[in-house]
Amino acid sequence: MSDLHPKLQPIFTTVLARNPGEAEFHQAVKEVLDSLAPVVDKRPELIDAAIIERLCEPERQIIFRVPWTDDQGQVHVNRGFRVEFNSALGPYKGGLRFHPSVYLGIIKFLGFEQIFKNALTGLPIGGGKGGSDFDPKGRSDAEIMRFCQSFMTELYRHIGEYRDVPAGDIGVGGREIGYMFGQYKRITNQYESGVLTGKGIGWGGSRARTEATGYGTVFFTRDMLTSRGESLEGKRVVVSGAGNVAIYAVEKAQDLGATVVAVSDSGGYVVDEKGIDLELLKDIKEVQRGRLTDYAAVRKHATHVDNGSIWDVDCDVALPCATQNELDGDGAAALVKNGVTAVAEGANMPCTPEAIKVFQEAGTLFGPGKAANAGGVATSALEMQQNAMRDAWTFEATEERLDQIMSGIHTRCLETAEEFGSPGDYVVGANISGFIQVAEPMMAMGVI
Ligand code: GLU
């Protein structure tokens, strides 16, 4: 990462001063500002109109108490968040994360990235994010339901089909969206399908939404490889994580002829040289909500590693699909040493700035999350389209749209990188393209 352009440095200094202690938010802003230097010269009117300063300040930040009672009758208090970051392109759109690490700095980094990611999809969605420091691990269904109901009892007044449309993220899947949708419907006495995405099939959900983030990341990886005359066929792939994004990245990578040899969860990683058994992985993670140690217990030839780094596993393609800053400079150096050719971020900001630098210096194809994992939110926008037209598309039609959207993002990144003097740099391409797509409507709408 270079020093910032003199016109951008004061903006970053203000962000640091105004948002103390929010390290992840600072990191996300810095990464975008690092890419914007060529825009200062080519599009000075956007800089003069303080578009960047406006983008760095959320339009609205909501923080609220979430009290709930556990199965033993004990009362707990968590903190709920919804950061409505930017609505230049459409209603705020972005997921809800339930994880003990959640605090304002995490929600703001996610919300900030969401603005550019959503702009890149070319669909009419603004950027927002929310969640809670609630830890769902080990909680019963009844506890999860009571928590979700309490969370929605405050959130409902801030959201709506034309205002703000939350979805899932870490710790929030179909079950949680169901409980929250039920509570929203009960409080408002309205069947407003378009208020949340990630709903179940049969009550307003879109086919292929569950698969979309992982599939999209693999489509993006395929397109990056194609740009160098390569393909996924026969490649060894490592996927970190074992949640929704990781599982469907494994599925699509294997569909396209790759062998996925490792996945991970918070207890370690598993290496399966015969290729990850997808049905077993789905059963353990989606049905039993179990651990990867259970996978190794069933597949005797697979090894579970409790301590150590999944990035030490030899591979051609690495897909970090777990969480922020999970792949650092050392992990990147290990991957490069083993000859990795492509890395795409299925999670949000999983690579540290040092890791990105290592990949870029080594000439590794690197797809940043804003582009590579945009398939999830893009398919959420397709869910909103289906809700608005009171229709339900087939899996095939939805997946085809997703594939087209991902290819469109890939092309836009490459063309923008070329136009702004950094050919082949997907980070610069994604950041500048996302920025311009949101900056132009902001200019048109005046100082708001
Ligand atoms: N949480 C996902 C993301 O990071 C999806 C958001 C959505 O579908 O609104 O993009």
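All ligand and atom numbering here is 1-based and tracks the order in the structure. Computed over heavy atoms, backbone and side chain alike; hydrogens, waters and symmetry mates excluded.
- A salt bridge links Glu440 with Arg43: at least one charged nitrogen is closer than 4.0 Å to a carboxylate oxygen.
- When each atom of ligand 1 is checked for a heavy atom of Ala167 under 4.0 Å away, the hits are 7 (C), 8 (O), 9 (O).
- Ring planes of Tyr191 and Phe181: perpendicular class, angle over 60° (limits at 30 and 60°).
- Within 6.0 Å of CZ on Arg175 lie more than 12 heavy atoms contributed by other residues, nucleotides or ligands.
- Counting protein heavy atoms only, atom 8 (O) of ligand 1 is closest to Ser380 OG, 2.5 Å.
- With a heavy-atom cut-off of 4.0 Å, Gln114 touches ligand 1 through its side chain alone.
- Of the charged side-chain nitrogens involved, none lies within less than 4.0 Å of a carboxylate oxygen, so that Glu59 and Arg54 do not count as a salt-bridged pair.
- Near Lys117, with a cut-off below 4.0 Å to any heavy atom, the atoms of ligand 1 are 3 (C), 4 (O), 10 (O).
- Note: Phe134 and Phe151 fail the aromatic proximity criterion, with ring centroids not under 6.0 Å apart.
- Salt bridge absent: Glu84 and Lys129 never bring a charged side-chain N and a carboxylate O closer than 4.0 Å.
- No N or O atom of Asn373 sits closer than 3.5 Å to an N or O atom of ligand 1.
- Look at Arg209 and Glu383 and you find no salt bridge, because none of the NZ, NE, NH1 or NH2 atoms lies under 4.0 Å from a carboxylate O.
- The protein heavy atom nearest to atom 9 (O) of ligand 1 is Lys93 NZ, 2.7 Å.
- The nearest heavy-atom contact from the protein to atom 5 (C) of ligand 1 is Arg209 NH2, 3.4 Å.
- Here the protein heavy atom with the shortest distance to atom 6 (C) of ligand 1 is Gly95 N, 3.5 Å.
- Here the CG-CD distance, from Asn86 to Gln114, works out to 12.0 Å after rounding to the nearest 0.5 Å.
- Taking every non-hydrogen atom of Asn348 and a distance limit under 4.0 Å, the qualifying atoms of ligand 1 come out as 4 (O).
- Counting heavy atoms under 4.0 Å from ligand 1, residue Lys129 touches it through the side chain alone.
- Under a 4.0 Å heavy-atom criterion, Gly369 is not in contact with ligand 1.
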